[in-house]
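Throughout, a chain's letter reflects where its sequence line sits, starting with A, and its residues are numbered from 1.
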Number of protein chains: 2
Amino acid sequence: MPQARSIRGINGSDSRLPLYQRLRDEFLLQIAEGHWVPGTPIPTEAEMTREYEVAIGTVRKAIDTLVQDGILDRQQGRGTFVRRPEFTRSLSRFFRQVDQQGNTCIPESDILSLESEPASQHVRQALALKARARVIHLERVRRIDGKPLFHERIWLSEERFAALLDTPKDALGDLLYPAYEALCGQLIAHAQETLSVGIADALTSAMLGIPVETPVMVIDRIATGFDGTPLELRRSYGIASDFRYQIDIA
Amino acid sequence: MPQARSIRGINGSDSRLPLYQRLRDEFLLQIAEGHWVPGTPIPTEAEMTREYEVAIGTVRKAIDTLVQDGILDRQQGRGTFVRRPEFTRSLSRFFRQVDQQGNTCIPESDILSLESEPASQHVRQALALKARARVIHLERVRRIDGKPLFHERIWLSEERFAALLDTPKDALGDLLYPAYEALCGQLIAHAQETLSVGIADALTSAMLGIPVETPVMVIDRIATGFDGTPLELRRSYGIASDFRYQIDIA
DNA sequence: CAGTGGTCTAGACCACTCT
DNA sequence: GAGTGGTCTAGACCACTGT
């Protein structure tokens, strides 16, 4: 019988906070520390009730907030899981990405280069690297039916992602994040994207097949792990006229 | 003692749906029909418990979902209210709108023209107007500290907004939606915005003080009332280099 | 102070998934 | 059939707002 580690006093949480919020913090800790990982269900509601000595409604409310935030995923009859983030929600999905049959699809990835280089100051800051750290730099083009959609520049800490240097660049597939997980054990949990408008430089315009100095959408992304460490820095260039973004205001 | 109108059978809702979802639908109906309006609290949880003959937890869950969707607003000790939509969440807030003191602020509105005209086919469709209906067309520039931020074109059904034609255009103030409510009794509840990139035409470039053919962000907005009727069509042009949009992917 | 929403409990029963 | 999350109930007590 495991010791019930009552949530009421522990955990560093402000004990004036409602129980369900302290529970929520505790759950986030379990995820950040890697005790709960995507793929295996987290403990059942009944177990948590015993473990933390709270009512099941309180456990449910704590889980509710995390489900709401897209961090957990309930599956009736199966269990509750840590969600893999849905990068289909990226700003990049607002580019016209349909194939000849009219289906939305994942663009093909064509990696132009993959090499080690010293981190520039900007990259070192964004990835929180030590002085004189090295990074892996990828350049790639993403296409649908051969039509270029994005030109992308990506930087990764060489220390964490060294395994990529031993992999032929044509073997990485169309999606990088599964490769990060499989080859380097690095799980991407969150990302922050910033959209702005720029002007195509020589390389980008050549890659996208547009005249130089045409407007392009620029998407800057910083992707982080479950513990908040920045793992990937990415800049994507897309043709501005292919872009259309829609929101609802309630 | 009013008749308890049990939610269990009525309301056109599919009776296989959970109670709280049928309650939610019922609440949305109260809002759409104007029985619940912003400014006065909706009935208390205890009242609804009696009215619909359900447990208070079920009422709370129904309200929870509407609060989550930004439709209701709970205020402890005061009551629960129908929310006025926050148009501070518009895409337009992603333009650099700070004054000389560095504070975010509401741009000044300078109405260039306000006149009645026959609806074009595009406007008629967007506002769901009858054939040969007339519309009110506004053109305005929005500025901060005198610096132009947007050029806007706005169309409204003349039938609903006739009172605007009797108002001097300088008396409308910086925000139109309060004027719609005060002068025309038209409450904006939702809006849908679409962002794309275009090229400034002669008028827009003159209004924004930029060269012709410079890239501009184009925000198309359709704003609707609580019952879903489209009320306003709006197109805003802003300087692309002032634009920066940020999202989080969880 | 009365009345509101906010938190928490304790349990019943249902619907779904897997074996 | 055993075990999971989903729905619903009934009530206690707390925290905040207005008078």
Side-chain angles (χ1 to χ4, degrees), chain A residues 4 6-11 13-27 30 36 38-83, chain B residues 4 6-11 13-27 30 36 38-83:
Chain A
S6 168
I7 195 70
R8 288 185 163 76
I10 63 159
N11 183 13
S13 278
D14 188 330
S15 62
R16 292 165 305 182
L17 285 176
L19 255 186
Y20 76 92
Q21 286 188 26
R22 279 178 276 164
L23 256 190
R24 177 198 153 99
D25 290 344
E26 167 69 14
F27 294 171
Q30 297 292 330
W36 293 356
T40 55
I42 70 173
T44 69
E45 296 174 347
E47 274 180 85
M48 310 244 237
T49 302
R50 291 191 295 275
E51 172 89 354
Y52 298 110
E53 297 178 314
V54 296
I56 193 166
T58 306
V59 172
R60 289 187 62 78
K61 179 142 190 178
I63 294 178
D64 276 345
T65 67
L66 293 170
V67 169
Q68 188 54 57
D69 293 349
I71 293 166
L72 295 180
D73 179 26
R74 284 203 238 250
Q75 297 183 30
Q76 188 173 27
R78 302 220 307 128
T80 300
F81 298 81
V82 177
R83 255 190 40 179
Chain B
S6 166
I7 195 69
R8 290 185 161 74
I10 63 161
N11 183 12
S13 277
D14 188 331
S15 60
R16 292 166 304 182
L17 286 176
L19 255 185
Y20 77 90
Q21 285 188 26
R22 280 178 274 164
L23 256 189
R24 177 197 154 99
D25 289 344
E26 167 71 13
F27 294 170
Q30 297 290 331
W36 294 356
T40 55
I42 70 172
T44 69
E45 297 174 346
E47 273 179 84
M48 309 244 239
T49 302
R50 291 191 295 274
E51 172 88 355
Y52 297 111
E53 297 179 313
V54 295
I56 195 166
T58 307
V59 172
R60 289 186 62 78
K61 179 143 190 179
I63 294 178
D64 276 345
T65 68
L66 292 170
V67 169
Q68 188 54 56
D69 293 351
I71 292 166
L72 295 180
D73 180 27
R74 283 201 239 250
Q75 297 184 31
Q76 188 173 31
R78 301 219 310 128
T80 300
F81 298 80
V82 177
R83 253 190 41 178

Respond yes when some side-chain nitrogen or oxygen of B:Tyr20 is under 4.0 Å from OP1 or OP2 of D:dT7, and no when none is. yes
Look at the side-chain N and O atoms of B:Thr44 and state whether any lies under 4.0 Å from the OP1 or OP2 oxygen of C:dG3. no
To the nearest Å, give me how far apart CD1 (A:Ile42) and P (D:dT4) are. 12 Å
To the nearest 0.5 Å, how far apart are CD in B:Glu53 and OG1 in B:Thr58? 12.5 Å
Are A:Thr80 and D:dG5 close enough that a side-chain N or O sits under 4.0 Å from OP1 or OP2? yes
Rounded to whole Å, the CD1-P distance (B:Ile63 to D:dC8) equals 15 Å
Between D:dT17 atom P and B:Asp73 atom CG, what is the distance in whole Å? 13 Å
Report yes if some heavy atom in the side chain of A:Tyr52 is under 4.5 Å from a heavy atom in the side chain of A:Val59; otherwise report no. no
Under a 4.5 Å cut-off applied to non-hydrogen side-chain atoms, are A:Ile42 and A:Gln30 in contact? no
Measuring from the side chain of B:Arg74 (C-beta onward, heavy atoms only), which nucleotide among C:dT9, C:dG6, D:dT9 has the closest atom? C:dG6
Of all the nucleotides listed (D:dG6, D:dT7, C:dT7), which has the minimum atom distance to the side chain of A:Glu45? D:dG6
Run the salt bridge (charged side-chain N to carboxylate O under 4.0 Å, His left out) test against A:Asp69 and tell me which residues pass, sequence neighbours left out. A:Arg24
Rounding to an integer number of Å, can you tell me how far B:Arg50 CZ sits from D:dG11 P? 14 Å
A side-chain contact here means heavy atoms from C-beta on lying under 4.5 Å apart; do B:Leu72 and B:Val82 qualify? yes
d(CZ, B:Phe81; P, D:dT17) in whole Å: 12 Å
Pairwise distance CD1(B:Ile63) to CD1(B:Ile56) - rounded to 0.5 angstrom: 8.5 Å
Are OP1 or OP2 of C:dC8 and a side-chain N or O of A:Lys61 less than 4.0 angstrom apart? no
Is any side-chain N or O of A:Thr58 closer than 4.0 Å to OP1 or OP2 of C:dT9? yes
Return the value, rounded to whole Å, for the distance between atom CZ of A:Arg24 and atom C1' of C:dC8. 18 Å
How many angstroms lie between CZ in B:Arg74 and CZ in B:Arg83, if you round to the nearest 0.5 Å? 13.5 Å
Spacing between B:Glu47 atom CD and C:dG3 atom P, to the nearest angstrom: 12 Å
Given atom CD of A:Glu53 and atom C1' of C:dC8, what is their separation to the nearest angstrom? 15 Å
Given D:dG6, is OP1 or OP2 found less than 4.0 Å from the side-chain N or O atoms of A:Arg60? yes
Could you write out each protein N or O paired with an N or O of nucleotides 12-18 of chain C at a distance under 3.5 Å?
residue	atom	partner	partner atom	Å
C:dA15	N3	A:Gln76	NE2	3.3

